[in-house]
Amino acid sequence: MKISMACDHGAYQYKNEIKEMLQKEGHEIIDCGCNGPESVDYPDYAKAAATLVANGEVDKGIVLCGTGIGISIAANKVKGIRCALCTDVTMAKLTREHNDANMLSMGQRTTGIETCKDIVHAFLNTPFSEGERHIKRIQKITEIESE
Ligand code: RB5
């Protein structure tokens, strides 16, 4: 799978570790930064990773910050993005099945690295349910974007 990744200074260690794991598993990663402890603004990095997803240049996006909150809020401002902040595997599975989430967000300060890796696998390996009620609700989310 082709995946965009981004983070702020609060999560560059997790981003690098997850990137390495995914590359070993054969995924292609487009790394949108950041890559160090210098303070940066997470919206800049969220926008870069989310735009690749919205334009269809990658299959999925993964973003991280201290809590996963700020960077997910920013990613969700890009049209077509459904970015889900997940803190456990159940959330990751359900957001794929029900929301057809195209981006995953996690927090380095709030979730352990092994849990994050399990969340990533659940997110990438769970297909959308294609359920009629879920399709209708996602359509309604899309309609909000153009109101
Ligand atoms: C950065 O200090 C911190 O605010 C950020 O990583 C994130 O937790 C925001 O939601």
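Whatever order the structure lists them in is the order used to number ligands and atoms, beginning at 1.
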Checklist entry - Would you say the side-chain atoms of Lys93 and Asn125 include a donor-acceptor pair closer than 3.5 Å? => result no
Next on the checklist: Do Glu97 and His134 pair up side chain to side chain, a donor and an acceptor below 3.5 Å, judged on atom types alone?
Outcome noted: no
[X], any N or O under 3.5 Å of ligand 1 N or O:
| X | value |
| --- | --- |
| Gly66 | yes |
| Gly70 | yes |
| Asp8 | yes |

Checklist entry - What part of Thr67 sits under 4.0 Å from ligand 1 if we count only heavy atoms: the side chain, the backbone, both or neither? => result both
Checklist outcome for this item: Within the 4.0 Å heavy-atom cut-off, what Arg109 brings close to ligand 1 is neither
Checklist entry - In the protein, what heavy atom is nearest to atom 4 (O) of ligand 1, and what distance, to one decimal place, separates them? => result Tyr42 CE2, 4.4 Å
Checklist entry - So which heavy atom in the protein is nearest atom 7 (C) of ligand 1, and how far is it from that ligand atom? => result Cys65 SG, 3.3 Å
Checklist entry - Which atoms of ligand 1 are found less than 4.0 Å from any heavy atom of His9? => result 1 (C), 2 (O)
Minimum side-chain heavy-atom gap [X]-[Y] below 4.5 Å:
| X | Y | value |
| --- | --- | --- |
| Lys60 | Met1 | yes |
| Ile141 | Arg137 | no |
| Leu64 | Gln108 | no |

Item to check | Residue that, paired with Ser105, satisfies side chain to side chain contact (heavy atoms under 4.5 Å, CB included) out of Cys83, Cys65, Cys7 | outcome: Cys83
